[in-house]
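Bear in mind the structure is a predicted one, so any value in this text is a computation, not a measurement.
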Amino acid sequence: GRRRIALQLPARQSQARGAESVSQHGDAVCDAGLGAATGPRGLQRPVTFERRVYSRAVPSPRSSRLVAGFAWCALAVLLACSGSGRSPQGPTSSQGDAAFAELADRVYRDDLAFSPSRAVALGYHEHDSEVDARSPAAIAAGIERLERERAELEAVKPDGLSSLQRLEREVLLFHIAGDLFQLRELRAYERNPIMWAGQLGLSPYMLRDYAPLPDRARAVVSTCRLAASTLAQARQSLPVRMPRTWIDIALLETRGEIEFDDGDVRKAFAALASPLRDEVSAAIDGCVAALDEQATWLEARKVDATDEFALGEATFLKMLAETQGVTIDLAALDRLAQADLERNSRALAEAARVVDPTRSVREVVQAVADDKPAANELLAVATAQAATLRRFLIDHRIVSIPSDGVAEVRESPPYARWNAASLNSPGPFEQAAQPSYYYISPPDPSWSPEVQRAYLPSTRELQFITVHEVWPGHFLHQLHV
């Protein structure tokens, strides 16, 4: 069913954001095995990843053309869902509209320049050392650019494009619609402190050896030096009254980033020689101080915190249309949700009877939920589950696995512990094989023993999470893309 939907809906349905690292950031449109697809334009260079050779689009010094990861991932997924691992039939890019190729490349580059954090997550390191500028003037300029580029894309006649370019045009239009909704309708940077909490993340510069350590250290120094001004802009842009849940999550991220920077990041660059090592240390000191000031400000906002986080019907439905490609009214959506709830409730009752027909559904569910690994066994259990799931996929020939790579199971870094679990993968533009991390968040040791145990997932729930994040979920998807 999902294969059929992916083919029938417009390409807008299949947006791929850069980072559910890109996690963290979106689910695959189809669950079928994804074949390696050839990039539509730009310099093609074979890149060896494990034991399989892929073709990846990289910037061309001659044509200055680039297929950015957010759109390339969407294109690759859609091509795979259509049953083809290669470029679709139709004119080649050399026979297609060269003007569109130049326009698309400009849209990609403008997007990455506007969102350096997205570029870093994608493994496109032309914007290392930069942070996302989100002052009112920068946002207004961003909206103006997006509107202009949307008009340019809409003016392109699809009939004159190759089949791949037509698809690419739709992906770009969908991506622009989502960004415009966030900047203009949601006004996220003017309302939500969570949007600012991850602006100064240093993990991309120390988790992976994409460049020599001194080069990555200089990116850390430059980013840290922008911390004070970036967070001052956040305090100027955000209102006094904000939803308490947003404040709590922003505090978790901000305090977690302080702990991570002061500990893990310092250690990662401790081997540098002076004076660069001293420069990094001083820059981290400044960044930690700026983050601490932000945490103090957020804590003070709790006095005026509200529970007014609802979007409202009109904005919610527009969000579905602009960011998910789903046009529906609230009554129809409620009917779908209720029907799905009833279907799952019946399935749950049937499964409970199979497990133990002498007990009630509630009792069976509670028994399964109580089967939990200890907190200090969580990572080992998840590692074993991942290995078992990988073997299951191979033995039952469910989906192809293109390499021997695995996601290393790790405890979530402090700044990511607002999320129970996530996948941190290298971006598609990294030029060498880089590790992926399956993060699982431990319970907060400050909680009572009862709360800590309640937080832990059951063994079966952890297995479902591992299916989603690793096999055959995000990690396998990204191996193919």
Answer whether the closest heavy-atom distance between the side chains of [X] and [Y] falls below 4.5 Å.
X	Y	answer
P373	L456	no
L173	E170	yes
L186	F181	yes
P457	L378	yes
L180	E322	no
I440	I465	no
I194	E253	yes
L298	P193	yes

Hits for side-chain contact (heavy atoms from CB on, under 4.5 Å) against E308, two or more places apart or cross-chain, chain-then-number order -> R241, T306
Which atoms form the tightest heavy-atom contact between [X] and [Y], and what is the distance?
X	Y	result
F114	G142	CE1-CA, 3.8 Å
E299	L251	OE1-CD1, 3.6 Å
P435	L207	CG-O, 4.5 Å

No-hydrogen, no-angle side-chain donor-acceptor test under 3.5 Å, R134 and S115
yes
Hydrogens and angles aside, do S425 and Q478 bring a side-chain donor and acceptor to less than 3.5 Å of each other?
yes
Only counting residues at least two apart or in another chain, list the ones meeting side-chain hydrogen bond (donor to acceptor under 3.5 Å, both in side chains) with [X].
X	value
Y210	D128
S441	S412
N376	none
Q452	none

Using a strict 4.0 Å threshold on nitrogen-to-oxygen distance, state whether R460 and D371 make a salt bridge.
no
Inspect the contact between E430 and R208 and indicate whether a charged nitrogen and a carboxylate oxygen are less than 4.0 angstrom apart.
no
If only atom types and distance count, is the side chain of E257 paired as donor or acceptor with the main-chain N or O of Q199 below 3.5 Å?
no
Ignoring hydrogens and geometry, is there a side-chain-to-backbone donor-acceptor pair from Q431 to F429 under 3.5 Å?
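Such a contact is found between Q431 side chain and F429 backbone.
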Quick one, V399 with L476, criterion side-chain contact (heavy atoms from CB on, under 4.5 Å). Give me CA distance, side-chain angles, the key distance, then yes/no.
CA-CA 9 Å; V399 61; L476 178 58; 3.4 Å; yes
Please test E461 against V368 for side-chain contact (heavy atoms from CB on, under 4.5 Å), starting from the C-alpha separation and ending with a verdict.
CA-CA 9 Å; E461 184 181 2; V368 173; over 6 Å; no
Report the relative orientation of the aromatic rings in H127 and Y124; use parallel for angles under 30°, tilted for 30 to 60°, perpendicular for over 60°.
tilted
F309 six-ring face occupied by R244 cation (under 6.0 Å, within 45°)
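No.
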For Y415, check ring-ring contact (aromatic ring centres under 6.0 Å, His included) against everything at least two apart and list the hits.
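So Y415 forms a ring-ring contact (aromatic ring centres under 6.0 Å, His included) with F260.
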Check this for me: W418, atom CH2, are more than 12 non-hydrogen atoms of other residues, nucleotides or ligands nearer than 6.0 Å?
no
